[in-house]
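Okay, so here's the structure we're looking at.
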Amino acid sequence: MKTRSCKALAAFAIVLLGASATQANVIDDWNTIKVPAAPVLKPVSVNISDTALLLLDFNGAQDPSKGPCNTKTKPRCIASLPKVEKLLNEARKSGVPVIYSITGGATKGDIASVLAPREGDPVVQGGANKFINTDLEKILTEKHIKTIIVAGTASEGAVLNTAAYAALTGMNIILPVDGMSSTDPYAEQYVAWHFANAPGVSAKTVLTTVDEIKF
């Protein structure tokens, strides 16, 4: 009888634990969740023979109606421009190809002037994933690109979707955290966490900063 009673109590406890676990969800627990430790940023040396720089959706700086990188909705993007300009200059000096994207309704002339494309630089136009309904994959394939350095806005839009897609299809990703921006630092934080931890993505990604990228 004693053994039966113990088993019954144990079963009841399991039921109670299961019930309490199913009562809460991530929204209920939102304010109790602790922020994980920051990912480790690493220096990276670029193999210039098979690497390209992607500058995603930096349009709107001159005219906020022409894109997301503007002082009204994404001032953090404007603040990132000096670092991205440095990255662009280093890429050009080393001969690394530069590929741009713009959002719908924009032209290449709407890209922030400090990052303006040169004659012959590819510019694709698309939604959050720049591989969908664009020639981006074809461009990279023709240039024999295996690694992409990704900078852009929004971090949770163009950066996350484009870089994750590339990683999941076998490409290597170099992601400078000071080259991606959003309306809110939290979006940048969770994108950094994603690329540091997500299965199929983290193993293909190096999180770094612009100053730690050596061409």
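Quick note: residue numbers are just sequence positions, from 1.
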Run the numbers on Lys108 and Val123 for side-chain contact (heavy atoms from CB on, under 4.5 Å), then give the verdict. CA-CA 7 Å; Lys108 65 180 182 180; Val123 181; 4.1 Å; yes
Compare all side-chain heavy atoms of [X] with those of [Y] and state whether any distance is below 4.5 angstrom.
X: Val210; Y: Lys83; answer: yes
X: Tyr186; Y: Glu156; answer: no
X: Lys42; Y: Thr208; answer: no
X: Ile102; Y: Asp110; answer: no
X: Arg92; Y: Asp121; answer: yes
X: Asn172; Y: Val206; answer: no
X: Ser101; Y: Leu136; answer: no
X: Asp211; Y: Lys86; answer: yes

Okay, side chain of [X], backbone of [Y]: is any donor-acceptor separation there less than 3.5 Å?
X: Thr205; Y: Ser202; value: no
X: Asp28; Y: Asn25; value: yes
X: Ser94; Y: Phe215; value: no

Return the CG to SG distance between Leu55 and Cys69, rounded to the nearest 0.5 Å. 10.5 Å
Leu56 CG to Thr153 OG1 distance, which is reported to the nearest 0.5 Å: 9.5 Å
Other residues, nucleotides, ligands: >12 heavy atoms within 6.0 Å of Lys143 NZ: no
Would one find more than 12 heavy atoms of other residues, nucleotides or ligands at under 6.0 Å from atom CG of Asn133? no
Linking I/L/V/M/F/W/Y whenever any side-chain heavy atoms sit under 4.5 Å apart, do [X] and [Y] land together?
X: Leu115; Y: Ile139; result: no
X: Leu54; Y: Leu160; result: yes
X: Val124; Y: Ile111; result: no
X: Leu175; Y: Trp193; result: no
X: Ile145; Y: Phe131; result: yes

For [X] and [Y], work out which heavy atoms get closest and say how close.
X: Gln62; Y: Gly109; value: NE2-O, 3.7 Å
X: Ala52; Y: Ile99; value: CB-CD1, 4.2 Å
X: Met180; Y: Ala192; value: CE-N, 3.9 Å

Taking it one step at a time, do Leu53 and Ile148 satisfy side-chain contact (heavy atoms from CB on, under 4.5 Å)? CA-CA 6 Å; Leu53 171 62; Ile148 53 175; over 6 Å; no
Using only heavy-atom distances, determine whether the side chains of [X] and [Y] contain a donor-acceptor pair under 3.5 Å.
X: Asn47; Y: Ser49; result: yes
X: Asp63; Y: Ser65; result: yes
X: Glu188; Y: Ser155; result: no
X: Lys66; Y: Asn59; result: no

Ion pair Asp184/Arg76, N-O distance below 4.0 Å: no
Note: Lys214-Glu90 ion pair, threshold 4.0 Å (strictly below): no
Could you check Phe58 against Leu81 for side-chain contact (heavy atoms from CB on, under 4.5 Å), going step by step and ending with a plain yes or no? CA-CA 9 Å; Phe58 283 104; Leu81 291 179; 3.8 Å; yes
Step by step, work out the side-chain contact (heavy atoms from CB on, under 4.5 Å) result for Ile213 and Leu87. CA-CA 8 Å; Ile213 300 174; Leu87 179 62; 3.9 Å; yes
Between Thr162, Asn161, Asp135, Asp57, which is the residue that forms a side-chain hydrogen bond (donor to acceptor under 3.5 Å, both in side chains) with Lys130? Asp57
Side chain to side chain contact (heavy atoms under 4.5 Å, CB included) partner of Leu207, the single match among Leu41, Val191, Ile174, Ile173: Leu41
